[in-house]
Every structure is written in structure tokens, then in C-alpha cells.
Amino acid sequence: MKQPLLVFNDKGIYCAQADVYLDPWKPVEKAIITHGHSDHSRWGHKQYITHHRNIPIIKHRLGAITVSGKEWGETFQINGVTFSLHPAGHIVGASQVRVSYKGEVWVFTGDYKIEDDGVATPFESVKCHTFITECTFGLPAFKWMPQETVMADINDWWSANKADGNTSILFGYSLGKAQRLLKHLDPGIGPILTHGAIENMTEVIRPMVEMPKTRLITKDSKKEDFKGAIVLAPPSAHGSTWIRKMVPYVTASASGWMTFRGARRRRAIDKGFVLSDHCDWDGLLQSVAASGCEKVIATHGYTDIFARYLRELGYDARTEKTQFEGELAEMETTKETQANA
Amino acid sequence: MKDFAALIKTLDSTNKTNTKVAALASYFQKASDSDKVWTIAILSHRRPPRPVNTTLLREWATELANIPLWLFEESYHIVGDLAETIALIIPAGKKETTKSLTAFLEEMLLLKAKNEDEKKAYLHENWRQLGYYERFVFNKLMTGGFRIGISQKLMTRALSKATGIDEDVLAYKLMGDWKPAQITFEVLVLKENPSDYLSKPYPFYLAYAIEDAVEDLGEPTEWFAEHKWDGIRSQVVVRENELFVWSRGEELVTDKYPEFKALVGRIPNGTVLDGEILPFSEGVIGTFNALQTRIGRKNVTKALLTKTPVVLKAYDILEWEGADMRSKPFSERRAVLEKLYTDVKNDLPVLHLSETMQFSSWKAAAAERSRSREVRSEGLMIKRKDSPYLVGRKKGDWWKWKVDPLTIDAVLTYAMRGHGRRSNLFTDYTFALWDTNEDGKRTLVTFAKAYSGLTDSEFKEVDKFIKANTLERFGPVRSVTPELVFEIAFEGIALSKRHKSGVATRFPRILRWRKDKKIQEANTLEDLKSMIP
């Protein structure tokens, strides 16, 4: 039997013909990296290939690495296999990987969303025979509202908190979600303050994306600095002593998981905004259809359910286990997961 | 409905009790009288009967969402709440409703009698039109209670804030068997009307557990002790030749315990007793497990009455000769109760007295406590002799001093997702013990389920283990690789035919995670059975 173009082994998604891995979870010689979240870009590969907008991000996270940057749609050959990167719309510099060999085309989505968020290069559908897709939110319960609506809600929430004399603390992952939120916050309402982890990552991304000004919270930040302000903080800051000096405050989280009332209540957060950098149910179905594929491989998320539904729709769909944060971290538990949410 | 949905949203989006009470109080100030009555009813578990069963709700929601039923079920397992699942999977409606909460509930009351087509049309129309949150609230009204961290007590506090009526008075007024569709706010809350009080019990006084040393209570001579009976806490009301039996959940359960009809005519009108309903036959108190056969039944058959008769073990008297006794000292109330008991006991085998004991030292009390399992009690109640009968759980005058629970080390074998706050985390566990079968092979036999006792972070850790070590899935349930050992505590134990293990445990919960133990070191079924008294 012919070896499939891409296989899933203990190190990652492997193309034997080119001897290259896509988003491997163990150290390898040559890795094509879709984006900068830690479950996709891991430490220890000899050579990294990624979109050039992702280079400053992974260098910031991984330090000195050997990396070569590509343009969107730029093709490159490795041992007769043609590769190219296409925008995934997930976060800045996030790509899908197109792999083609002897007329057969596979696409690996990495993480993606189809809505243009004004920060990441918007998702482009790529035709293929086999579509390897994430399905973090592969349940019909997940339906996103347009970003404009959600951001208007967030800005209204901030204004209302300010009027009540409360500081607004908004939790979002430091890479991706934080910049998306920042980009669409209304600086007319009040000052935008940041936690160090977010400030550092935002500085890395500023040369690529225009965003409102932020001020880093330091030991010297005074009580009055927080008046009427919104604070962008990573989820791990929730419940830490760091937020104590912001009293009185109200908290909110922006994530796809906020769809579930239980998720917000369990984390003891006052308010949840449903805002995700992944596709919702309809988005997943649309992108599968747009790819024109026959075969689908669902990687992380509600894979079994999504694949079963696709089979009912007539696709040859199956699941593969990966170490991308799917089922394992379903709701949160690790910081990494926040990358996915 | 718009205001009510907004209220629920506010209550749901804060963890601060004061914010909840303030939101509710401000709602009570603004809402129409009939909406207020319905809101009180809903928040005190008096919602109208379910007009449509959940099977049909699922089917019809699935139809509107245009997805297969299995996909709905999968989504429901993950979301963990039916009303929420339905609200999520149906494409969002646009309209805001102008209909009042009362109008919706009145429609739902009428809906019950309609045929399936009419019901379906009603649901589809509302699901299509309502926006997400109103749809969620609508579904909650259809399906069941709101678990939004508003206890009856908090609701009463908010109502007191809004009306200026004393909280305890309100608690009393809101008890009993009133129907929201047939009562006005004026009559329910505002007006004084003595004839309404015919069936009404008093709010129960609840004790706290002793956490520190019992010696901290001071002089033992200031206290009475009683055994803590393991039955159904109840008030028995006899007024104007009528009997009312109330359980602690403020449920009127008169019909379930026809034995107590004997009280009418034998004890005077204007009497309210506080006590415990206990199974009792052939001179001994039965197990809670036996009582369970009575709790669930609405129709009490003769056979059941013969098999599991009950008695009232009275320990307090709250009303005597039509007068409220609650502000009198406990010792005085006891004197009245004991006199009543002595007068009627020969005619009334169904009435028992919970004897008070006096100890000269706490050591002597502790010795009595250690005898608790022998007399089928859960430990001791310690009540201050001069204590009034208070409302709700109050510290200071009444204490429960339970015996230490029985414990056993068991293996986690199955897990299910939790509900509400814990939906999407595997927090409901099944535990097994070792048993040796005929060919001498050791197998794990399920013996109890438990879903409390771990911290949030421990739950997260176990959840992670379960997701990574799932053997098989059965809908919401997963079997997991036997690897984790937990110490399970429980209050009582009895033989049972209904349980696979042949043993029923009372109130099992997780005491601690025995990370130090391997599954081979878990206890056996035989160890468990040896604990049966």
C-alpha cells in the first residue's frame, strides 16, 4: 500500500517523502511551524520554517533558533514535495500548511478562524484532497457573534465599570487574544494597562500591527492609575496577589469557552465574553466544504463528534491523536490551553 | 420577562452575595405584583409542573436546529444543562419579548393540557423569536429550577429589603402550600391573614457541626444532649382537626405518612412538633435505607405501611395551644413536650420522644456519643438549655456532634461529567472495592458513587487523569483505568438488594485522595461488609 503523504507518529505530523514535520511535539531535524502558541511551536528542533511574521514571536518565546521565513503562498520544495503557507487567521503570523506531491494535495490548518479580526492576516481557503483540521469548538453549541458586537459589549462593560468606580480586569492569553482585544478597545474610555507577560508580547507584535497605547503595571503603579482603567492580564493572573491592588475591580474573560455558563462560574469570573480565535461549528463546516476535500482528519478538540458528523455528511472523516491541546485540556487546566481558547 | 431574564443574567454573572441580593431587591421594587409572586415561586422551587417532557423538548429542539439527535445528546453531555444546550444550538433569535413573566408562566400552565402539535408550535415559535438569554430563561422555566446561587434565604433577604418586612416574618409567610397562579402579592407578602396560617410550619432551626473541641462550649450543665436521629427532619402541625407534615425542604409530605393521622384528636389543636421521621418496626429503629422506600412514594400501599412503618421522634414543640413557643427557653419547651408525650403515649405508638440527657462532664458525653451507632443515631445533638428556637442555620445554641464517619479505601472506576458549575469536568465518580470470585480471581466491584470532597484543583487533576485514561465511553459516563485510590467516608451502612455490591452506604463522599496507595492496597468488599452493625 502507498504510504500516505502525511502520517501521525509519536513526534508529530510527518511527511516521510520530505523528511519534515509539521508542528512536531518532540525535537526533530526540520519543522514547519504554523504559529507561535506553545503547543504548536515547541523548543528543540534543529531547523524551523515558518511565516516571517511568526519569526519575532517564536524567537521571543524560544530564544536563539535556526529559522527561515516564508511569504504567504510562496512555494518551496523539499525532496520533490511542494510546501506553501497560507493565512489561517488565528493570530499574527498563523499559517495553514499546504503539502503537495505528485498531484495530491493535503492541507494542515494548524489553528484557525474564518472571521477577519483586524490583527491576523485573514484566513484563506485552500483547495485540497485531504484536510487536516482542528476542531477545538466542534460542537453545534458553539456559535460566535461577530467581533464587532462582542467588542462593543466589552467596551460597554468597561464604560459601565468605570461609571461604577470599578477597575475592569480582562483576562486573555498573552499571545493573540490580548492583541486582538487591545486592537479593538476604545482608548477614549480610559487608560489601558497591561500585565508584564502581555506587555512584552505586545511589544513584539507592535511593529506588525497598529494598536492603542498601553501602560505596563509595575510595583510603582499607584492606586489612582487603575481608576477607570482596563487591565489586560493573562488568565493565570486570576486569583493572584498581583490583582489585589486594583480593588475595587470586576473581572471578565474573553474566550470561546465562555459559551458555557459553567465555565465562567467555575473560574469565579464576573463576566464572560465569547470571543475565540478558533472556528465555531458553522465555521468548521464551512471551511471543510470550501476546501473541496474528500478526506478529513480531525486532530484536536471534539474530534470524535465532529468526524462522525462529517461522515454522515458523506466525507471520509477520521480522527488522529495529537499533542495539540484538545480533549486533554478541554476547558483550561494549563496555561497552554489558553493559547487555544 | 425581559426584566426577569436580565435579573437572572445579573445573578448569574456575579459571585458576590451582596450584589445578588441588591439586584434581586431592586427587581422586587420595580416588578409588577404578579411577576413578583412568580419570581418568589420560582426561586423557592414552586415552579409550575413541567408542561412538556424533556424527551419531546430534545426532539423538537433538534428539529429546529437541524442536527441529528445523537449530536444534540453529545452536546448536552458536554454542556451539562438541558435548557442551556437548547438555547445554544438553535440559531439566534432577534426579537426582544414584551410579554411579562406572568404571561409566559400562565401560557405554560395552559400548555400542559394542550396536544403535542400545539405544544410544539408554541415552543418553536418562542425558540425562534427569543434572543439567546431569554430563550435560556424560557427553557429553564420549562424544565426546572434555577441553580444560580440564590437560596430561599437570600431571596427572602432581598424581599425584606424591598418591602421593609422583617426577614423572619417573610420566611414564615412564604412557607406552606401556596400556588403562585392563585395568590396575589398583597395576600402572600403584604397582608396579615391568620387563616392562611393553618397549614404553615415554622422555619426550621438548623445546627452547625462542632469543629473545635466540645469543651469550648463551656459548662456541660448548661446543655442538653440528645441522639442525632438519621431520618427525615419534619414538623407535624395539628390545627383545627387537620394534619400537616412538612419536611425540611419545606415540602408538604402529609400524604406520604398516613400513620400520623392518628395524632389528630389525640393531641390538641394548635400544636406543632419538631422531630425526625424514622422507620421503626418490632421495637427497633430501621436504617435510612429502609426509609428511602417511603420517601419516593406518593401512593403508599398497605404492604409498604406494614413493611416499613414510621414514627415521629419528637424533640421540640414550636406551638402549643395555638401560641408560638419559639422564644421560650428550650428547657421550658421540653417540659411542655414531655408532659404532652406522657399524657398521650399509651394511645399513640406513632409518637416517640427523643430523650434528653444531661452530662456532668464532656467526657461522659463523648462516651455516650461513641455508642451512637448501636442506638442507630449519627452522634449527638447538643442544645443549650435556655436557647430559643431560631430561624435557619445559626451558630451558638444548637450543635451537632456527629460520630466520625466510617471510611474505606476504594478505586476509581467510572466517571461522569458534573452539572452546573462543574459541567464539562469529570467530577461524579464511581468507586469499587476488591472482591474474590469463585475461581479465586480478584475483581473490582462497584460500591458507591461520590461527587464531593475534593478541592477544585484536585478535581481538575482527576479530570485530566480521566480524560487521558478513558477505557470506554457510555454516553456521559466513562470507564477509566483503575489506578487512583480514594478514601471514601460514609455515615451508615446496611445490606441492600438494590446494590450490586449487596451493600448500601449512606452519604458517601471523598475524604481524601490516597496518592500514597496503589490499587492493590484498596479495601475489599469483605472489609466493607464487616462494618455492618
Side-chain angles (χ1 to χ4, degrees), chain A residues 137-146 149 157 160 164 166 239 248-253 257-274 280-282 285 301-313 321 323 325-334 337, chain B residues 8-10 12-16 19 61-62 65-68 70-81 83-92 131-133 136 140 147-149 417-427 456-457 459-461 463-470 473:
Chain A
F137 294 105
L139 269 193
F142 296 106
K143 292 196 174 73
W144 309 152
M145 300 290 278
T149 313
W157 171 78
D164 292 343
N166 287 321
Y249 62 78
V250 279
T251 55
S253 183
W257 297 117
M258 290 298 133
T259 296
F260 296 153
R261 290 162 59 242
R264 181 186 51 68
R265 289 161 70 202
R266 192 169 56 246
R267 292 178 213 187
I269 283 168
D270 295 316
K271 184 131 180 104
F273 295 105
V274 181
D280 65 1
W281 174 254
D282 290 335
L285 291 175
Y302 297 103
T303 50
D304 292 335
I305 297 170
F306 188 59
R308 178 174 168 192
Y309 186 67
L310 289 178
R311 285 196 294 277
E312 289 191 3
L313 295 180
K321 252 193 144 115
Q323 289 191 16
E325 303 280 342
E327 171 83 32
L328 235 188
E330 228 164 67
M331 297 290 288
E332 77 242 67
T333 63
T334 64
T337 320
Chain B
I8 299 297
K9 195 170 181 174
T10 312
D12 199 26
S13 53
T14 179
N15 292 299
K16 297 175 183 92
T19 313
T62 304
N66 197 22
I67 56 171
W70 69 263
L71 186 51
F72 178 87
E73 294 298 337
E74 291 281 5
S75 303
Y76 171 48
H77 294 327
I78 291 161
V79 178
D81 181 293
E84 193 178 345
T85 310
I86 293 174
L88 286 170
I89 58 154
I90 293 170
Y132 166 72
Y133 213 85
F136 163 67
K140 275 285 178 199
R147 288 200 199 134
I148 43 172
R417 289 175 203 272
H419 282 84
R421 201 172 75 90
R422 290 157 156 194
S423 69
N424 222 24
L425 268 187
F426 286 87
T427 58
D456 277 5
S457 67
F459 270 129
K460 275 187 196 168
E461 206 179 328
D463 175 75
K464 206 167 174 180
F465 169 84
I466 289 160
K467 284 167 182 165
N469 291 281
T470 297
R473 298 168 192 227

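No part of B:Thr85 comes within reach of chain A, as not one of its non-hydrogen atoms sits under 4.5 angstrom from that chain. Of the two parts of A:Asp304, only the side chain, counted from C-beta on, holds a non-hydrogen atom closer than 4.5 Å to a non-hydrogen atom of chain B. Heavy atoms closer than 4.5 Å to chain B are found nowhere in A:Thr251, neither backbone nor side chain. At a 4.5 Å heavy-atom cutoff, the contact between B:Phe136 and chain A is made by side-chain atoms alone.
No other option in B:Ala65, B:Ser457, B:Pro68, B:Ala87 has as many heavy-atom pairs under 4.5 Å with chain A as B:Pro68. When the candidates B:Ile90, B:Thr19, B:Ile466, B:Ile89 are compared by the number of heavy-atom contacts under 4.5 Å with chain A, B:Ile89 comes out ahead. Contact tally against chain A (heavy-atom pairs below 4.5 Å) for B:Leu71, B:Ile67, B:Leu88: the top residue is B:Leu88.
In summary, of the residues considered (A:Phe306, A:Trp281, A:Trp257), a ring-ring contact (aromatic ring centres under 6.0 Å, His included) with A:Phe137 occurs for A:Trp257 alone.
Of all heavy-atom pairs between A:Tyr309 and B:Trp70, the closest is N-CH2, 3.6 Å. The two atoms that bring A:Asp280 and A:Trp144 nearest to each other are OD2-N, 2.8 Å, heavy atoms only.
Proximity of a side-chain donor or acceptor of A:Thr149 to a complementary backbone N or O of A:Met145 within less than 3.5 Å is not detected.
Residue-environment remark: CG (B:Asn66) stays at or below the threshold of 12 foreign heavy atoms within 6.0 Å.
A donor-acceptor contact closer than 3.5 angstrom links the side chains of B:Asp12 and B:Tyr133.
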